Amino acid sequence: MLKIVGIIVVLAAIIGGYMFAGGQLAMLWQPAEYVIILGTAFGAMMLANDKEVLRAIGVQAKRAFQKHDDADLYQQFILITMEILENTKRQGLRYLDEHIEDPQQSSLFAKYPLILDELRLVTFLTDNLRLLSMGKIESYELEALLDKEISAMAEHRLAASHAVGDVAEAMPGFGILAAVLGIVITMGKIDAGIVVVGLKVAAALIGTFFGIFMCYGVLSPLASAMKETVERDITLLHACREVLISFAAGKSPLMSLDAGRRMIPEKYKPTFSIMESWIEAGKAQ
């Protein structure tokens, strides 16, 4: 909702200021300029990226406009990891077998639907729990593996926001391209009179305006918002990473969980005592 309000504020400021200065709203409607700029931008994006990145742009752009309140998600993360670690400590790594092979059918994961909806987290968690169950792995070895995995995932997922950012940087250039073509048309009508030439030049300049507006008013903020959605997911993986590394190093389930708690964003991070109260309440259910 806040992002939609932001777009409205940007448009209101630009169009309102233009009209307040005596500008005519009809002059902003220059469809030929918009076709050139948007068409060139879309074609350049297709040229620079593969289908997977283009598909990710649509998905991440949609998510950027969705409201995220992750308080319940992080609470469920704490509860499920505590349950996994405590049962593994008590029953051994064989406890994991029935849950990590098919999480969608697991009675454990079914208790935490918000976690189950985070497919990347579920895959990351189950894959690395499977690694722990296969045999002894030193904590420093696990740390190196998880660092590489998270880094690769972040780089892959950030490709969409980078693609939008690259197009945003090119938009002023595309606006100048449209403006130059408009001036070429104007030169062909130079003998049509000062009024006609003035209107043609004004129409051409709309192309420059639109390119700059799309860069700084729409696409650059959108790229930042898309990057934020990826960082949200990666933060959850970092929290999971800390829990797994600490557990592999022989720390108790509670201490391992506290290591993960410290990676939770400040506005969602519970205190140690609150985390303990969540765990106690979960055990009582």
Side-chain angles (χ1 to χ4, degrees), residues 1-66 157-230:
M1 182 64 182
L2 186 61
K3 292 178 175 60
I4 295 175
V5 172
I7 292 176
I8 294 173
V9 170
V10 169
L11 290 173
I14 292 173
I15 296 176
Y18 169 75
M19 295 182 67
F20 182 74
Q24 297 180 14
L25 192 59
M27 281 300 301
L28 296 179
W29 178 241
Q30 303 295 337
E33 300 284 318
Y34 303 148
V35 168
I36 293 171
I37 296 169
L38 295 178
T40 305
F42 186 68
M45 188 178 291
M46 293 178 63
L47 183 61
N49 302 283
D50 57 26
K51 289 182 179 179
E52 186 175 358
V53 173
L54 296 175
R55 190 178 301 112
I57 289 172
V59 172
Q60 291 182 21
K62 181 180 178 181
R63 287 188 65 200
F65 286 91
Q66 295 174 344
R157 298 203 59 213
L158 286 171
S161 62
H162 290 161
V164 174
D166 290 343
V167 171
E169 292 179 0
M171 289 303 287
F174 296 150
I176 293 172
L177 170 66
V180 168
L181 293 176
I183 294 298
V184 169
I185 294 173
T186 302
M187 291 298 100
K189 300 180 181 294
I190 198 69
D191 60 348
I194 190 171
V195 174
V196 173
V197 171
L199 290 174
K200 291 293 183 182
V201 170
L205 291 175
I206 291 298
T208 303
F209 151 74
F210 186 67
I212 296 172
F213 163 70
M214 288 298 294
C215 173
Y216 298 107
V218 178
L219 294 181
S220 287
L222 178 60
S224 297
M226 291 167 60
K227 181 181 178 182
E228 186 180 321
T229 66
V230 173

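Worth saying up front: this structure is predicted, and the values here are computed from it rather than measured.
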**OP:** Please indicate whether Met27 has more than 12 foreign heavy atoms, meaning atoms of other residues, nucleotides or ligands, lying under 6.0 Å from its CE.
**Re:**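 Yes.
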Quick check for you: to the nearest 0.5 Å, what is the distance between [X] atom [atom1] and [Y] atom [atom2]?
X      : Y      : atom1 : atom2 : result
Leu38  : Met171 : CG    : CE    : 5.5 Å
Ile206 : Tyr34  : CD1   : OH    : 5.5 Å
Thr229 : Arg63  : OG1   : CZ    : 5.0 Å
Leu222 : Ile7   : CG    : CD1   : 8.0 Å
Gln60  : Arg55  : CD    : CZ    : 12.5 Å
Leu199 : Thr186 : CG    : OG1   : 9.5 Å

Closest non-hydrogen atom pair between [X] and [Y], with its separation:
X      : Y      : answer
Ala160 : Val53  : CA-CG1, 4.0 Å
Glu33  : Ala179 : OE1-N, 3.8 Å
Ile37  : Gly207 : CD1-O, 3.3 Å

[X] vs [Y] side-chain heavy atoms within contact, under 4.5 Å:
X      : Y      : result
Ile15  : Leu25  : yes
Phe42  : Leu54  : no
Phe210 : Phe174 : no

Indicate yes or no for a side-chain donor-acceptor contact from [X] to the backbone of [Y] under 3.5 Å, with no hydrogens or angles considered.
X      : Y      : value
Gln30  : Ala202 : no
Ser220 : Cys215 : yes
Tyr18  : Gln24  : yes

**OP:** Indicate the ring-plane relationship of Phe209 and Phe213, choosing parallel, tilted or perpendicular according to the 30° and 60° boundaries.
**Re:**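 It falls in the parallel class, under 30°.
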